Amino acid sequence: MAENKIPYKIYLEENEIPNQWYNVRADMKNKPAPLLNPGTLKPMTAEELAPVFCEELVAQELNETDAYIDIPEEIQNFYKMYRPSPLIRAYFLEKALGTPAKIYYKFEGNNTSGSHKLNSAIAQAYYAKKQGLKGVTTETGAGQWGTALSMACSYFDLDCKVYMVKVSYEQKPFRREVMRTYGASVTPSPSMDTAIGRKILEQHPGTTGSLGCAISEAVEVATTNEGYRYVLGSVLNQVLLHQSVIGLEAKAALDKYGITPDIIIGCAGGGSNLGGLISPFMGEKLRGEKDYRIIAVEPASCPSFTRGKFAYDFCDTGMVCPLAKMYTLGSGFIPSANHAGGLRYHGMSSTLSQLYHDGFMEATSVEQTSVFEAAEQFARVEGILPAPESSHAIRVAIDEALKCKETGEEKTILFGLTGTGYFDMVAYEKYNDGVMSDYIPTDEDLKPGFDAIPKFPGNEF
Ligand SMILES: *Cc1c(COP(=O)(O)O)cnc(C)c1O
C-alpha cells in the first residue's frame, strides 16, 4: 500500500467492531497461577468467589481454555456509542522528532469517562444486571474507573457505590461530580462506613488513603449488603479479557493496510489496557506465528515489574481479598507523596506477570518529569491532551523513535493512548511551574513492602 494512502486516522466500520473477546490465557503454555484462598492457601473455587463477584464474571475469571468468548449483544450495542476507537498515525510527532519510525496510537479517550476503562465497566455492569443484582461497589483512585462504572451502571439502572481514595476525592472534586451526575454515590476512603475503614483510620489517623485500602472497603460493603457484588477495573483476568477489544480493533485496522508493528508499547498500572492492547499480538507470539517486541512502561516511583517480587500477595491493604501471584511491591506499598502520574497500584495482572516472567515481554520504568515532558511534546503536535498514565507509553514511544533516528531504522511502533488528562491539571500545573520532582524509591524504601508479602511454603521469592 502506498504510503500516502494510509489515512491519518484508521477507523473500522461499525460492523467490524469485534463480537468476541480474545482470551490470551487459552494460548499460554504456562497459565497464570490461580487465585488462592488466604485462609486455606488452596485455589479459589467458583463457589468461594461467588459472594464477591458476579457469576458470569467468575466463570470468565477462571476460564483458561476458551480462546474466544462472545460479547453479548447489549454490550456490543453500548460499544457502538463510542467504538470503534480511532487508530491514529502520529505523522506530526514523527515529523517533530525527525524519525524514520512510523508511530501509531490507539486512542481510548474518546468517551466521557476519558479512558479505556469503560470497555470493562459496561461488561461488568451488564453481567450484574443479568444476575438480577441491585448494585455494585468499587474503589477508584484517580477517578477514571469510578466514572466509567457510574456511566455503565446508569445505562443498566444499577446502584453504584464508589469508594474514592481520599486524596483524590479532595483533589479532584470535578471527577467526583461527574460520577454523581451519573447517579453514583461517592465516599472518601478510608471511611467510617466499614469495619476495615474504621480500623485503618484508628491505626493511621490522617491517612489520605490508598487503592488497596479502598478495595478492602468496597469488598466489605459488597459482601455485607444483599444484592451487591464487588467489581474491579484492572488487574483481574476478566478485565484483560474485556479490554482485548482494544487490541482486536487495533490489529484489524493495521491488517487493513498490511501494517505489522515491530514494537508495541503500553503503560502498566494493573495491566488491563496493556493486556488488552497486546492480547491478539501476544497470541500470535505464543503460537509461534509472529514476533513482536512488547514493552510495559511503569513509573519509577511504583516499579512493580522492574523491581517487584514475583510472589503470591494480597490484592488489597486490608488483606481480605484472595492472594494473587504477581509482580508486587507488597500490599502496603504507597508511592511517595510527590508522585503525580497515576499507575500507583502495588501489584500487576497475574497474566502479564506470567508472560513477563516467561520472557514474552519487557518492562521499563520512567521518571515522572520525563513523562510530563513527553506529554507536553505530544499535546503540542498531536493535539490530544494525554492522561499522565498514557504519557508513560508516549515517553517510551518517543525514546524508541529517537533510537530509530540514530540507526536509521524504519520501525513501526504502536502504543496505547489510554485516555485524556483534563482532570489531571493539578499535576500538569506542577510540571508547568517547574515544581514537579522525581523520586525513585531506594531498596530500603521498598523493604517494608516486601517484608509484608505473606510467607508460606511455595511462596519463596
Ligand atoms: C486506569 C488507567 C490506566 C492504568 O490501568 P491499567 O489497568 O494498567 O490499564 C492507564 N491509563 C488510564 C487513562 C487509566 O485511566
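Order of appearance sets the numbers: ligands from 1, and atoms from 1 within every ligand. Every value quoted in this text rests on a predicted model; they were computed, and no experiment measured them.
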In a simple table, one pair per line, please give the protein and ligand 1 atom names for every N or O pair closer than 3.5 Å, along with the distance.
| residue | atom | partner | partner atom | Å |
| --- | --- | --- | --- | --- |
| ligand 1 | 7 (O) | Ser234 | OG | 2.5 |
| ligand 1 | 7 (O) | Ser272 | N | 2.9 |
| ligand 1 | 7 (O) | Ser272 | OG | 2.7 |
| ligand 1 | 8 (O) | Gly269 | N | 2.7 |
| ligand 1 | 8 (O) | Gly270 | N | 3.0 |
| ligand 1 | 8 (O) | Gly271 | N | 2.8 |
| ligand 1 | 9 (O) | His116 | NE2 | 3.1 |
| ligand 1 | 9 (O) | Ser272 | OG | 3.3 |
| ligand 1 | 9 (O) | Asn273 | N | 2.8 |
| ligand 1 | 9 (O) | Asn273 | ND2 | 2.7 |
| ligand 1 | 11 (N) | Thr418 | OG1 | 2.7 |
| ligand 1 | 15 (O) | Lys117 | NZ | 2.6 |
| ligand 1 | 15 (O) | Gln144 | NE2 | 3.3 |

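- Applying the salt bridge (Lys or Arg N to Asp or Glu O under 4.0 Å) rule to pairs touching residues 338-366 yields Arg293-Glu362, sequence neighbours excluded.
- In this structure, Lys31 has no salt bridge (charged side-chain N to carboxylate O under 4.0 Å, His left out) partners at least two apart in sequence or on a different chain.
- Inspection of the Glu108 and Asn119 side chains reveals an N or O donor paired with an N or O acceptor under 3.5 Å.
- Residues forming a side chain to side chain contact (heavy atoms under 4.5 Å, CB included) with Glu16 (at least two apart in sequence, or on another chain): Leu12, Glu13, Lys256.
- No side-chain heavy atom of Phe360 sits less than 4.5 Å from a side-chain heavy atom of Ile294.
- With values rounded to the nearest 0.5 angstrom, Tyr105 atom OH is found 4.0 Å from Ile88 atom CD1.
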